[in-house]
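Heads up, the thing below is written out as structure tokens.
The analysis underlying the following values was restricted to heavy atoms, covering all of them including side chains, and did not include hydrogens, waters or symmetry mates. Lettering follows sequence order; numbering is per chain, from 1.
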Protein chains: 2
Amino acid sequence: MSYFANKMSPAEFDAKIHWFVGRCREAGLRVTPQRLAIYKELLGTDEHPSAEMLYEKLKPAWPTLSLDTVNRTVLTLTEIGAAFIVEGSGGARRFDAGLEHHQHFKCVKCERIIDFHHEPFDNIELPPDVAGKFTVLRKTVYLEGICDLCKQGMKVVQRS
Amino acid sequence: MSYFANKMSPAEFDAKIHWFVGRCREAGLRVTPQRLAIYKELLGTDEHPSAEMLYEKLKPAWPTLSLDTVNRTVLTLTEIGAAFIVEGSGGARRFDAGLEHHQHFKCVKCERIIDFHHEPFDNIELPPDVAGKFTVLRKTVYLEGICDLCKQGMKVVQRS
DNA sequence: CTCCTATATAGTAGCTACTCCTATCTGTCA
DNA sequence: TGACAGATAGGAGTAGCTACTATATAGGAG
């Protein structure tokens, strides 16, 4: 088995949508077509899009959608735990649908964010001092460097 | 010994400055007064300032300094390894002078970034798949949550 | 099914955090 | 100590949000 994360089955996808609808109701949020479309788009991609990227992807099917709605919606998604902001150092915020345990590698050249999964990183132990003093909501291992494609000198254009 | 990082002695500070001057020369960069002042300021603080914060701190002593210079300079510092961009999820870029091994905890409420140090996090093992495919320049453990002060309902104003 | 209302959206304006540009200045080397 | 590549100040420009307001609609009550 590879360390790299793999795609979801259609059944898993549907289960996620169902969960999302329930989660919205639970949080007192309406399940609007825009909200659902944005969540689906995020769920169906592994490129950890920015709000802008999601907007561009959705615009053909949703010509009246506004970028502001995408921005508001992804922030709402993070608030109800249906998405996460990918950790990074600078540039536009990038999101993922917060699926199974996985970690992120970000290429500093092409800005690609690549999922991988390494079991030992799933449950790293916090030092007792920190665990006692703070409420830790999220703990992640984050890697930065040059990806395979950029190492070969290939041009990967991800951002317009 | 505490898990939380502690301050530098004056001798260590001077040694760092000396190293910095050498590092600039090595990289073919001039040691301008502004550059040195910005590096000193970054070295002397543990609040992981943004460019804006550094600018505000330096303005009294350097009234003609421009924000653009601070921005350019901190980026230059990261390029020569004299500073690092603190990993985070959104908001302004925050910097540290990249001292000894340590990790970051960021409070999602007050935006404070707190250093801590946990030996096992210093040299986490990369999965072979990742190490083989990518050039990993930086690997960090990043924690997010609510800090002790915010838990007590105290208002910590860090950003204007 | 229909109405009602709190919530969401589209469009626009405004703001923050850079990033680029150009004229001027200055460390550094010869 | 002069020359100049490289750096800075100041301002203009741009990306990426964030706030505002009028309109529209999801979803519960009747």
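Remark: P of D:dT14 and CD of A:E52 are 15 Å apart, rounded to the nearest angstrom. Taking atom CZ of A:R35 as the reference point, atom C1' of D:dT25 lies 12 Å away to the nearest angstrom. Atom OH of B:Y55 is separated from atom P of D:dG11 by 10 Å (rounded to the nearest Å). The interatomic distance linking B:K59 (NZ) with D:dG10 (P) rounds to 11 Å, in whole Å. In this entry the distance linking CD of A:E111 with P of D:dA15 reads 15 Å, nearest Å. Between the CE atom of B:M53 and the P atom of C:dT16 there is a distance of 14 Å, rounded to whole Å.
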query: Which parts of nucleotides 22-30 of chain C does protein reach within less than 4.0 Å, heavy atoms only, written one letter per nucleotide 5' to 3' as B for base, S for sugar-phosphate only and - for none?
result: ----BBS--
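Clustering of Ile, Leu, Val, Met, Phe, Trp and Tyr side chains at separations under 4.5 Å places B:V108 together with A:L137, B:I146.
Considering only side-chain N and O atoms, A:R93 lies under 4.0 angstrom from the phosphate OP1 or OP2 of D:dT18.
Here CG of B:L42 is found 10.5 Å from CD of B:E47. Values are rounded to the nearest 0.5 Å. Here A:K139 contributes atom NZ and A:I124 contributes atom CD1; the two are 6.0 Å apart, rounded to the nearest 0.5 Å. Atom CZ of B:F20 sits about 6.5 Å away from atom CG of B:L36, to the nearest 0.5 Å. Rounded to the nearest 0.5 Å, atoms CZ (A:R72) and CG (A:D68) are 4.5 Å apart. For the atom pair CG (A:D46) and CZ (A:R112), the distance works out to 9.5 Å, reported to the nearest 0.5 Å. Atom CG of residue A:L54 and atom CZ of residue A:F95 lie 8.0 Å apart, to the nearest 0.5 angstrom.
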- request: I would like to know whether A:I17 and A:Y39 meet side-chain contact (heavy atoms from CB on, under 4.5 Å); could you show each step before the answer?
  value: CA-CA 8 Å; A:I17 300 293; A:Y39 182 68; 4.1 Å; yes
query: For B:M53 and B:T45, what are the C-alpha separation, side-chain angles and deciding distance, and is it a side-chain contact (heavy atoms from CB on, under 4.5 Å)?
result: CA-CA 11 Å; B:M53 289 167 177; B:T45 181; over 6 Å; no
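Of the residues in residues 61-71 of chain B, B:T64, B:L65, B:S66, B:D68, B:T69 come within less than 4.0 Å of DNA chain D through at least one heavy atom, sorted by number. A heavy atom lying under 4.0 Å from DNA chain D marks the following residues of residues 72-84 of chain B, by number: B:R72.
In the model, B:E52 has no side-chain atom that pairs as donor or acceptor with a side-chain atom of B:N71 under 3.5 Å.
Between A:E111 and A:R94, no side-chain nitrogen of the basic residue sits less than 4.0 Å from a carboxylate oxygen of the acidic one, so the salt-bridge criterion is not met.
Judged as a ring-ring contact (aromatic ring centres under 6.0 Å, His included), and not counting sequence neighbours, the contacts of A:F121 are A:H118.
With hydrogens and angles disregarded, a donor-acceptor distance shorter than 3.5 Å links the side chain of A:H48 to the backbone of A:I113.
Summary for the helix from C:dC1-D:dG30 to C:dA30-D:dT1: the axes at its two ends, each from 5 pairs, differ by 40° when rounded to the nearest 10 degrees.
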